[in-house]
Amino acid sequence: MAYPFKEIESKWQKFWADNHTFKIDEDYSKPKYYVLDMFPYPSGAGLHIGHPEGYTATDIIARFYKMNGYNVLHPMGFDAFGLPTERYSMETGIHPTEATKVNIENFKRQLNSLGFNYDWDRIVNTTDPEYYKWTQWMFLLIYNSWYDHNLQKARPVSELAIPKHLSDTREIEEYIDSKRLAYISMIPVNWCEALGTVLANEEVDEWKSKGYTVERKPMRQWMLRITEYADRLLNDLDLVEWPQSTRDMQINWIGKSEGAEVVFKSESGENITVFTTRPDTIFGATYLVLAPEHTLVSSLTSGDLREDIENYIKSAAEKSDLERQELNKDKTGKFIGAYAINPANGNRIPIWIADYVLAHYGTGAIMAVPGHDERDHEFAKKYNLPIIQVVAPSVDVIIDIDNEAFCEKSGFGINSSNDEVSLNGLQTYDAIRTMIGWLEGKNIGKGKVQFKLRDWLFSRQRYWGEPIPIMFFEDGTKRALESDELPLVLPPVSDFKPAGTGESPLAKVESWVNFIDKKTGKKARFETNTMPQWAGSCWYYLRFTDNKNTEIFASDEMQKYWMEPAGVDLYVGGSEHAVLHLLYARFWHKVLFDYGYVTTKEPFKKLFHQGLIMGEPEHFFFRNAAGETISAEFVRENDNFEFFDKRNNEKLIQNKIAEDNLEKIGEHFYLKDNQAIRVHSKSYKMSKSRGNVVNPDTVVSEFGADSLRLYEMFLGPLEASKPWQTKNIIGVFNFLNRVWRLIADDNGYLSSQVQKTELNPEQEYVLHSTIKKISEDIPALSFNTSIAQMMIFVNEFNKYDIKPFEAMEKFVRCLAPFAPHISEELWRILGNSESIYFADFPEYDETKASKSTIELVVQVSSKIRGKLQVNVDIDQASAEKLALEDSQVKKHLEGKEIKKVIFVKNKLINFIAV
RNA sequence: GCAGAAGUGGCGGAAUUGGCAGACGCGCUGGACUCAAAAUCCAGUGGGCUCAACACCCGUGCGGGUUCGACUCCCGCCUUCUGUACCA
């Protein structure tokens, strides 16, 4: 009979809630540990099986540190603003506030059913006005700041020096606005005329497939000047313990590159500035390319080509960013009928536009050097533009530049000189410096550092987000709300359809949008854009330290206690947030740091990504239309999980088949009854459409929360992605049953076999090595191996009729972080009256955790020929003597001469014999 | 294309300053208990060779290398996963 997990789990969950067991300790003299999960979006679908993976891991960590005397903060909250809820409300008419409330309740119920140690008094909900008051406050802090490049920090705009020549108040305001870290700009967005709304990137394909036209149209947007922090965001990555891959992604995203800006003059006298990382190749620049959106395009375009060029620009605008990338495998472009002068050699070179040149990077214009840039080379070949070689791999090597561009940075300049400067013979690095020097001397260019990172588009044309607390007056001026006017609360509305003008639904709420400003008495209109979902998650980790504070987002005292010395001690969440969330949060944190509101440079010290839990492995075989079975080696899968015959591209029908009917031969599975047919075996991501989603509620009701927790941790390394296999849960479930029977009898009382006796040496070893292993594995997040060790413990002690009380009692404390419910019950059965949550983690004795005798491997010529039971730390001489007495060793040494003896203490002895 | 991670039994996985490959679990096989089944307990379980045991041989994606000794280090490939994609 299985142990009564249902009763046990509900009993203790109620007890913990009633007794506020998980309330945070207010004793701030203790050392602290702050372990944080990425808080969830409370969707209507509820918790999926991936959530408990990271959450269990942090719960184990939190309980373990708590048992080791730390004051632990392990909070939970909800990132509840966002599009899915707004869309749900449009369909159902249920208000987002209401939907969010219901969803959060459901999430809380599910989280509680897994026994996590959250102190719900610490909850954070980004849609709560008491929370977003501070999100707005931080936005205003950013808005009211400028970036001082000398001090390398943000400062209040009130401290900004106004240039003397500005006297008009409007001019001064414009000047200040141009320096603010939050500013308004015209930025292209995905505009759908028919729907009268702006679409999120992920919505574009959905509507396009329904036949709607979506175009890139510049609209008025709020931007945050994150680019000012590019260098700090890059350099401070050295301060954190993050996965290398995540650091690399951020480095890539920031995309620092050094080069030069060079001014080319058009024949009509306009200055065209380009950015290049290879100013040394300027003598090889044979044409210029502007982005279709470049501001000079229309003035440069010659009259007879105007219509043609406008058509090209229009078609480029209709492509989404994604399409532009895909379609541009074959580059397109147009000559605009104008020429520029190459400043290095005076050549007359044509000006083109092409959508492979991006308007938002660099200056939106490039000098094309087809000899030394692959993209320019491809373009030049297609449109028959001249290719000149100006760099050679080395002085005497001749390459075919017409066939392939030479892009290495390790060459030497050739064909690169004019009356004033020569790069010939110079190594690329020196050539770059020489060229920049010449350009700067002539005042037609300068060295320049360029970042890929763009300013953060911070407004959304939606209802369900934080209102941006800015008002506009009829005279064109504007005013930001003061702190005492926050929060600016969302008005209750029932219609979430967009305004049709590209504005958010808020624009239709007349009573909210238009009003008389009390402070100035002027007629005013609120900003109707709201903030993106990222905003609330930029600082929630700070709110957790002091979530009820009404004076400030978090008191200095609490913020310092939990965050110092280097930020959140451990942050666990999916790698899908490796770039955006983590970059945005770091940016906000640095602004707060500049003002002294936080005292650590970085928010998250150690970061860990849990791996994805995939669906059950599936096996398929394939049939074509004629009914023939096709072996998997001839089959190709596309991104939509459709299968085709590689040989003739015929679409195939997939047939699922159970593993019992398969046989593994070599690396692949084949049909048992036809071993010529290989099957396709794979685990897919869990998805509704695939029907392979596992619901945690089902697992909890069938096996209990402790089993689910244990199973997810036992599955494999936390960071690895691994397939879910329901049948394997039985393993950890059996383990918990064995634990139960070890200590409790059928009636739930202490088993008569548990008795207060001395442990024998073997039992001492098992107990202490188990405690040691777990103590070391938990901080390393190696939970699968901890659980394996606990299984060994149970298997060992099952062998004895008498189970020593001391061993049982210590073992239950080891199990407690992993399986808190059963541990709590057993803890009480063992006679304790206080919750195991407050117990100490058991200590181990190093001498008892290692064996007094070990098995020494004996090798002859590196092959194992025997094993010796010897005392630990045996010396070489004794080991040699013992080993040479072994009959197998003797046999293999017969007639041979020992050339050398290799002895590795406590591991092996190896006789090299010839 | 680029970047990062990974590849070990039928399956999930363990073992890394180079030293017993396959811990632990699932599954499978056999046994005990039972009228029987379930549950539980015990034993076995990488492959080959062998009646069997001992012994021996092979074995950590593929091909080389370093070493007394390589899952582990080096060089070159292949495959999978994740991220990213014309950033001049």
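Sequence lines set the chain letters: A, B, ... in the order given, protein chains first and strands last, and positions in each chain run from 1. Owing to the predicted nature of the structure, the values given are computational and were not obtained by experimental measurement.
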A.B. asks: Does a side-chain N-to-carboxylate-O contact under 4.0 Å join A/K6 and A/E702?
C.D. replies: no
A.B. asks: Considering every strand and a 4.0 Å limit on heavy-atom distances, what is the contact class for A/E659: base, sugar-phosphate, or nothing?
C.D. replies: sugar-phosphate
A.B. asks: Who is the Watson-Crick or G-U wobble partner of B/G9, with both distances under 3.5 Å?
C.D. replies: none
A.B. asks: With P as the reference atom in both, quote the distance from B/C73 to B/A5 in angstrom, rounded to an integer.
C.D. replies: 12 Å
A.B. asks: When the nearest nucleotide of RNA chain B is assigned to A/A720 and to A/R278 on a heavy-atom basis, which residue is associated with the more 5' position?
C.D. replies: A/A720
A.B. asks: When all nucleic acid strands are considered with a 4.0 Å heavy-atom cut-off, which category describes A/N795: base, sugar-phosphate, or nothing?
C.D. replies: sugar-phosphate
A.B. asks: Hey, does A/K773 reach any base, or is it just sugar-phosphate, or nothing, if we go heavy atoms under 4.0 Å?
C.D. replies: nothing
A.B. asks: With sugar-phosphate meaning primed atoms plus P, OP1 and OP2, does A/R738 contact a base, only sugar-phosphate, or nothing at under 4.0 Å between heavy atoms?
C.D. replies: sugar-phosphate
A.B. asks: Ignoring hydrogens and geometry, is there a side-chain-to-backbone donor-acceptor pair from A/N692 to A/S687 under 3.5 Å?
C.D. replies: yes
A.B. asks: Over all strands shown, is A/T246 touching base, sugar-phosphate only, or nothing at heavy-atom distances under 4.0 angstrom?
C.D. replies: nothing
A.B. asks: Relative to the ring of A/F793, is the ring of A/F811 parallel (under 30°), tilted (30 to 60°) or perpendicular (over 60°)?
C.D. replies: parallel
A.B. asks: Which nucleotide sits closest to the side chain of A/A788: B/G12, B/C41, B/C24?
C.D. replies: B/C24
A.B. asks: In whole angstroms, how far is the P atom of B/C11 from the NZ atom of A/K682?
C.D. replies: 18 Å
A.B. asks: For the pair made of CZ in A/F735 and P in B/A39, what is the distance, rounded to whole Å?
C.D. replies: 20 Å
A.B. asks: Could you check whether A/H892 gets within reach of a base, just the sugar-phosphate, or nothing at all, counting any heavy atom under 4.0 Å?
C.D. replies: sugar-phosphate
A.B. asks: Angle class for the A/H680/A/Y684 ring planes (parallel below 30°, perpendicular above 60°, tilted otherwise)?
C.D. replies: tilted
A.B. asks: On the 0 to 90° scale, with breaks at 30° and 60°, tag the A/F783-A/F818 ring pair as parallel, tilted or perpendicular.
C.D. replies: perpendicular
A.B. asks: Take the protein atom NE2 of A/H668 and the nucleotide atom C1' of B/G7, then report the distance between them rounded to whole Å.
C.D. replies: 13 Å
A.B. asks: Scan every strand shown for a Watson-Crick or G-U wobble partner of B/A52, both distances under 3.5 Å, and answer none if you come up empty.
C.D. replies: none
A.B. asks: Given the P atoms of B/U45 and B/A53, what is the spacing between them in whole Å?
C.D. replies: 11 Å
A.B. asks: Remember a base hit wins even if backbone is also touched, and classify A/Q888 as base, sugar-phosphate or nothing at under 4.0 Å, heavy atoms.
C.D. replies: sugar-phosphate
A.B. asks: Under 4.0 Å between any heavy atoms, over every strand shown, what does A/P243 touch: base, sugar-phosphate, or nothing? Just pick one.
C.D. replies: nothing
A.B. asks: Can a donor-acceptor pair under 3.5 Å be found between the side-chain atoms of A/K727 and the base atoms of B/C26?
C.D. replies: no
A.B. asks: Base, sugar-phosphate alone, or nothing: which one does A/N784 contact when heavy atoms must sit under 4.0 Å apart?
C.D. replies: sugar-phosphate
A.B. asks: Within 90° of 0 counts as syn, otherwise anti: where does B/G9 fall?
C.D. replies: syn
A.B. asks: Could you pick out which residue, A/G731 or A/Q859, lies toward the 5' side of RNA chain B when each is mapped onto its nearest nucleotide?
C.D. replies: A/Q859
A.B. asks: Contact class for A/Q244 (heavy atom, under 4.0 Å): base, sugar-phosphate, or nothing?
C.D. replies: nothing
